[in-house]
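Residue numbers start from 1 in every chain, and the chains themselves are labelled A, B, ... in the order their sequence lines are given, proteins ahead of strands. FYI, side chains are in, hydrogens and waters are out, and symmetry mates aren't considered; it's all heavy atoms of this structure.
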Protein chains: 2
Amino acid sequence: MSQCALKIDKLPSVRRLPAYLHLLRELSGKGEQFVSSPYLAEKMHIEAILVRKDLELARINGTPRVGYCIADLIKGIEDFLGWGETLDAFLVGVGQLGASILGNRELMNFGLKIVAAFDVNPRKVGATVHGVPVFDSARLEELLSRLQVSIAILCVPAAEAQQVTDVLVASGVKGIWNFTSENLAVPEDVITQKEDLASGLAVLSVKLTRNKPPTH
Amino acid sequence: MSQCALKIDKLPSVRRLPAYLHLLRELSGKGEQFVSSPYLAEKMHIEAILVRKDLELARINGTPRVGYCIADLIKGIEDFLGWGETLDAFLVGVGQLGASILGNRELMNFGLKIVAAFDVNPRKVGATVHGVPVFDSARLEELLSRLQVSIAILCVPAAEAQQVTDVLVASGVKGIWNFTSENLAVPEDVITQKEDLASGLAVLSVKLTRNKPPTH
DNA sequence: AGTAATTTGATAAAATTTTATCTATAAAAA
DNA sequence: TTTTTATAGATAAAATTTTATCAAATTACT
């Protein structure tokens, strides 16, 4: 087995890393130097041992009775996620959702900088939404190749999702953050990440019904 | 072990159910009667056996060589999720994100009906956003007890999240769909579901970096 | 009618994720 | 200084989730 083939999945852990990062930055802002796994566990509502397992990804050593150095942890997590230097991204589809993503100041803290947005609506083209210029979707291909952007945020209506995706892929986009309800078809070397509001609601619904007193 | 204590977790499966529902409704709309696990698997980019495992939750029997009855599946999934009859919900915080959630027509298909929104901004109070009236946040407690709403969608700034949560909990809210970056503290009998944009981005980032050719 | 092909569903295995246990270590307290 | 306490980290166990295997069932084909 080659040194490159080591599987570093741990997707559930990866999913929790941004929450740690958020907490750690908050603590850092308050001037804290160290943090312990029990502290983080309490905040995150998980077990301390799980926190330690998660933080193994950051490859930072803590010290007994003291905890982890917050600055090191932040750096370690950022490095693991590749959020050291921010990546440029395009956003396609400046509807309600697209606009709210453009307005999300926090994204910049997450390794992503949206440098341009695209829409088919002529009344939106030319405008600037939260500091991001909106271009005509017809220029997507042109600007993609010009700016060498490899990440796209997809917020178009479901009916157009696959078609836009095909353009993105053809222009060399390697990662698509998919906010549509479509299951996109892409080549093997393109990564898609689908965000699905409903899945969270499903979890909430199930937990709520399980929480109710039985009705028999 | 009592008959009520049987653990019906399978959270990953639960998370996928809405995606099945979406596909099934689409097929149903096209007049299809039956669907097979290999078909759904291809659409969802997962294995057929996993589809069958997931669909066990709906407690619907398929027939060999034919598949599952789409109408039955839809009903079974809706019932499992408690999405048979829609629940009323309040939305608190009509910012960009809140407004985009109010505008999400699909939510109604997911067992949730937002009957009122709340904001502290006097310029928003009194308005109607996507058909939902916006009230002053000061009236949250009053209207919660009056309308007996048990689900809240939290879209306020992080700094106010816990404070608003305390009001919600005090007024009998049992489920909070949390779109803030705060880890809310709530009593044991209150369910919170935190939506975290960044976690999806983390997965995308990690997969992208793992996808790259090694640099040594 | 008989055969082949496809799909479900049951059972089992494998993989992943979470939790538990224990030792070593560093700091605080006695 | 010695003892106590809290925490990290290693190892192991348990729980969960995904994948595999195979028999039974049903349809389509010969």
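Under the 4.0 Å criterion applied to side-chain N and carboxylate O atoms, Lys113(A) and Asp88(A) are not assigned as salt-bridge partners. A salt bridge between Glu78(B) and Lys75(B) is absent, with no side-chain N of the basic residue lying under 4.0 Å from a carboxylate O of the acidic one. Between Glu47(B) and Arg52(B), no side-chain nitrogen of the basic residue sits less than 4.0 Å from a carboxylate oxygen of the acidic one, so the salt-bridge criterion is not met.
Cation-pi geometry between Arg210(B) and Phe80(A) is met: the NZ or CZ atom falls under 6.0 Å from the ring centre, inside 45° of the normal.
Under a 3.5 Å cut-off, the side chain of Ser28(B) and the backbone N or O of Leu24(B) do not form any donor-acceptor pair. With hydrogens and angles disregarded, no donor-acceptor distance shorter than 3.5 Å links the side chain of Asn183(A) to the backbone of Met44(B). One N or O on the side chain of Asn178(A) and one on the backbone of Glu182(A) form a donor-acceptor pair closer than 3.5 Å.
Side-chain rings of Tyr68(B) and Phe34(B) stay apart, their centers remaining 6.0 Å or farther from each other.
Using five terminal pairs a side, the axes of the helix from dA1(C)-dT30(D) to dA30(C)-dT1(D) at its two ends make an angle of 10°, given in steps of 10 degrees.
Straight-line distance from the CD1 atom of Ile70(A) to the P atom of dT7(D): 14 Å, rounded to whole Å. Nucleotide dA10(C) holds its C1' atom 12 Å from the CG atom of Asn61(B), rounded to whole Å. Taking atom CZ of Arg52(B) as the reference point, atom C1' of dT6(C) lies 11 Å away to the nearest angstrom. Taking atom CG on Leu73(B) and atom P on dT7(C), their separation rounds to 15 Å, with Å as the unit. For Tyr68(B) and dA25(D), the OH to P distance is 16 Å, given to the nearest whole Å.
Between Gln163(B) atom CD and Glu160(B) atom CD the span is 6.5 Å, to the nearest 0.5 Å. Here the straight-line distance linking atom CG of Leu197(A) with atom CG of Leu107(B) works out to 6.5 Å at 0.5 Å rounding. Here the OG1 atom belonging to Thr165(B) is positioned 5.0 Å from the CG atom belonging to Leu154(B), to the nearest 0.5 angstrom. Atom-to-atom distance recorded for Leu140(A):CG and Asp119(A):CG is 11.0 Å, nearest 0.5 angstrom.
Contacts with DNA chain C (heavy atom under 4.0 Å) in residues 21-43 of chain B: Ser36(B), Ser37(B), Pro38(B), listed by number. Remark: nothing in residues 185-197 of chain A comes within less than 4.0 Å of DNA chain D through any heavy atom.
If you run side-chain contact (heavy atoms from CB on, under 4.5 Å) between Leu27(B) and each of Lys43(B), Glu32(B), Gln33(B), only Glu32(B) comes through. Paired with Asp54(A) under the rule salt bridge (Lys or Arg N to Asp or Glu O under 4.0 Å), one option of Arg59(A), Arg15(A), Arg16(A), Lys10(A) passes, and it is Arg16(A).
Contacts of Asp166(B) classified as side chain to side chain donor-acceptor pair (under 3.5 Å), with partners at least two apart in sequence or in another chain: Gln162(B).
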I'd like a table of atom pairs between the protein and nucleotides 17-19 of chain C - only N or O on both sides, under 3.5 Å - with the distance next to each one.
from    : atom 1 : to       : atom 2 : distance (Å)
dT17(C) : OP2    : Lys10(A) : N      : 3.4
dT18(C) : OP1    : Arg16(A) : NH1    : 3.2
dT18(C) : OP2    : Arg16(A) : NH2    : 2.8

Where do N or O atoms of nucleotides 4-6 of chain D meet protein N or O atoms at under 3.5 Å, pair by pair?
from   : atom 1 : to       : atom 2 : distance (Å)
dT5(D) : O2     : Arg65(A) : NH1    : 2.3
dA6(D) : O4'    : Arg65(A) : NE     : 3.4
dA6(D) : O4'    : Arg65(A) : NH1    : 3.4

